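In what follows, a single structure is set out as C-alpha cells and then discussed.
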Protein chains: 2
Amino acid sequence: MVLRNQVEWALHCCSILAAMPDQEVSTRDLAAFHGVPKEYLSKALQALSRAGLVEGSLGKTGGYRLARKPEAITFLDIVQAVEGKRRSFECSEIRQNNPCLPEDFKVKGVCAVARVMYDADEAWRAHLRSVTLADLGKNLQRDVPVEILADSRQWFVRT
Amino acid sequence: MVLRNQVEWALHCCSILAAMPDQEVSTRDLAAFHGVPKEYLSKALQALSRAGLVEGSLGKTGGYRLARKPEAITFLDIVQAVEGKRRSFECSEIRQNNPCLPEDFKVKGVCAVARVMYDADEAWRAHLRSVTLADLGKNLQRDVPVEILADSRQWFVRT
DNA sequence: GGTATTTTACTCGGATAGTCTATGTCCGAGTGAGTCTGG
DNA sequence: CCAGACTCACTCGGACATAGACTATCCGAGTAAAATACC
C-alpha cells in the first residue's frame with residue numbers, strides 16, 4: 001500500500017518543468033539532477049506523456065515540457081498518470097459468499113465495508129486534486145533560498 | 001498502491017465478531033462463511049490479535065472475540081493492524097541530490113512535495129478513523145434484510 | 001462415581017513455494033537538428 | 001554557396017532480469033475442553 005518511487009520522481013520532475021516554461025528539459029538532465037537511473041525515470045515521463053500532462057519532442061534537442069499551465073495540473077493528475085487510477089481498496093464482494101443468502105439473491109448496492117473505504121480513498125484524492133503545480137512552486141519559493149532556486153534553474157538552461 | 005485483500009477479510013471478520021459479542025468465533029467458521037482459505041485468513045486474524053483488537057483463546061472451543069467494544073474500534077485500527085503503519089508516500093529526499101546545493105547544506109523541513117502527499121495520506125486516515133465497527137453495524141442493519149442478518153448470526157452460534 | 005488419561009479441535013508461529021509487481025537495465029527503431037560532403 | 005547525406009542526441013517502446021511483496025499452503029507445538037479409561 002505504498003506508492004512507487006516513480007510517483008515521487010514524477011512530482012519532482014514536473015516541479016522542474018513548471019519552473020522551465022521556456023525550454024524543453026531532457027530525461028538525461030532530469031535523471032542526473034535527481035540522481036536516479038535515466039532509463040527508469042524515462043518510464044515515469046512516458047506515463048506522464050501518455051496522460052497528456054507533458055509533451056515530449058524527439059531528436060537531438062528533444063526533451064519534455066508541460067502540456068498545460070502549472071495552475072491546470074494537480075498532484076492527482078500526476079499520481080494517477082504514474083500509479084494508475086485503481087482505487088486503494090478493491091471490493092471482492094465476499095459478502096456474496098454468505099451461506100445464509102437465499103438462492104439467486106444478490107445483495108444490492110455497494111458493500112458497507114467498501115463504501116467506507118471508497119470514501120476514504122476519495123478524501124485522499126480530493127486533497128491531491130486541490131493542490132496544483134503552481135501551488136507547489138509557491139511553497140518552494142517560501143522554503144528554498146532564492147539563489148539556490150536560481151542556480152537550479154540555470155543548471156537546466158541549454159547552452 | 002492497492003491494499004491487500006487481507007484488509008477486506010479482516011474488516012468483514014471484525015464485523016462478524018462485533019455481531020457475536022457473547023461467544024468466540026473460530027477461524028474455520030470465519031473462513032468458511034466468507035469462502036476464503038482458512039490458513040491464510042489466520043494470518044490476518046493473528047495480525048489483529050497482535051494489534052490488540054481481538055483476543056484469541058486456545059483449545060478445542062477456541063476462537064476470537066473483540067478485545068474492545070465495537071464503538072472503540074475504528075476502520076483505521078483494523079487497516080493499520082493488517083497493512084502496517086507505513087505512510088502511502090515515502091519521501092526519499094531526492095531533493096538533497098540537487099547539484100546546486102552548497103557543500104554540507106541540508107535543506108531543512110519537510111520536502112514540499114512530501115508535505116502534500118503526507119496531508120493527503122492524513123485525510124485518508126482521518127476518514128478511516130472516523131468510522132467505527134458500531135457505525136458499520138448500523139449501516140448493515142439498514143442495508144440488509146433483518147432475517148438474513150439473524151440467519152447469519154445464527155450460523156455462527158455454537159451448538 | 002470420581003479421578004486420571006486420551007482425544008479432539010483449536011490457536012499460534014515458522015517454513016516453504018508460486019505468482020505478481022516494482023525496480024532497474026539494455027537495446028533497437030524513429031526523429032529532428034546540426035554537421036559534413038560534393039557539386 | 002547550397003542541396004543532399006550523415007551524425008548525433010534524444011524519445012519511445014519493448015524485452016529482459018532481479019528483488020521483494022503478496023498469496024497462499026503445510027506442518028508442528030502448545031492448549032483447553034470434552035471424551036474416555038481406570039480405579
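Only this structure's heavy atoms are used, side chains among them; waters, hydrogens and symmetry mates stay out. Within every chain, numbering begins at 1; the chains are lettered A, B, ... in the order of the sequence lines, protein sequences first and strands thereafter. None of these values were measured; they are calculated from a predicted model.
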note: B/Met1, atom CE; D/dG20, atom C1'; distance rounded to Å ~ 19 Å

Those residues at least two apart in sequence (or on a different chain) that pass salt bridge (charged side-chain N to carboxylate O under 4.0 Å, His left out) with B/Asp29 are none

Contacts table for residues 129-138 of chain A: side-chain donor-acceptor under 3.5 angstrom, sequence neighbours left out:
| from | atom 1 | to | atom 2 | distance (Å) |
| --- | --- | --- | --- | --- |
| A/Arg129 | NH2 | A/Glu122 | OE2 | 2.5 |
| A/Ser130 | OG | A/His127 | O | 2.7 |
| A/Thr132 | OG1 | A/Ala134 | N | 3.3 |
| A/Thr132 | OG1 | A/Asp135 | N | 3.2 |
| A/Thr132 | OG1 | A/Asp135 | OD2 | 3.2 |
| A/Asp135 | OD2 | A/Thr132 | N | 3.0 |

Hits for side chain to side chain contact (heavy atoms under 4.5 Å, CB included) against B/Arg86, two or more places apart or cross-chain, chain-then-number order -> A/Val2, B/Glu90

B/Glu90 atom CD is separated from C/dA22 atom C1', nearest whole Å, by 13 Å

Q. In terms of side-chain geometry, is the basic nitrogen of B/Asp121 or B/Arg125 positioned less than 4.0 Å from the acidic oxygen of its partner?
A. yes

Ranking D/dG13, D/dT23, C/dG13 by distance to the side chain of B/Arg50, first place goes to C/dG13

Sorted by chain and number, sequence neighbours left out, side chain to side chain donor-acceptor pair (under 3.5 Å) with B/Asn97 holds for none

Taken to the nearest whole Å, NZ/B/Lys43 to P/C/dG13 is 9 Å

Salt bridge (charged side-chain N to carboxylate O under 4.0 Å, His left out) filter on B/Glu55, not counting sequence neighbours, yields none

Residue pairs passing the side-chain hydrogen bond (donor to acceptor under 3.5 Å, both in side chains) test with at least one member in residues 146-155 of chain B, sequence neighbours excluded, are A/Asn98-B/Ser152

From CD of A/Glu39 across to P of C/dG28 the rounded distance in Å is 13 Å

From CD of B/Gln6 across to P of D/dA21 the rounded distance in Å is 15 Å

If only side-chain N and O atoms of A/Asn5 are considered, is one of them under 4.0 Å from the OP1 or OP2 phosphate oxygen of C/dA22?
-> no

Residues at least two apart in sequence or cross-chain that pass salt bridge (charged side-chain N to carboxylate O under 4.0 Å, His left out) with B/Glu39, listed by chain then number, are none

Of B/Pro37 and A/Ser49, the one whose nearest nucleotide on DNA chain D sits closer to the 5' end is A/Ser49

Atom pairs, N/O to N/O, protein against nucleotides 5-11 of chain D, distance under 3.5 Å?
| from | atom 1 | to | atom 2 | distance (Å) |
| --- | --- | --- | --- | --- |
| D/dA9 | N3 | A/Lys60 | N | 3.4 |
| D/dC10 | OP1 | A/Arg28 | NE | 3.3 |
| D/dC10 | OP1 | A/Arg28 | NH2 | 2.6 |
| D/dC10 | OP2 | A/Arg28 | NE | 3.0 |
| D/dC10 | O4' | A/Gly59 | O | 3.3 |
| D/dT11 | OP1 | A/Thr27 | N | 2.9 |
| D/dT11 | OP1 | A/Thr27 | OG1 | 2.9 |
| D/dT11 | OP2 | A/Thr27 | OG1 | 3.3 |

Under a 4.0 Å heavy-atom cutoff, the residues of residues 75-86 of chain A touching DNA chain C are none

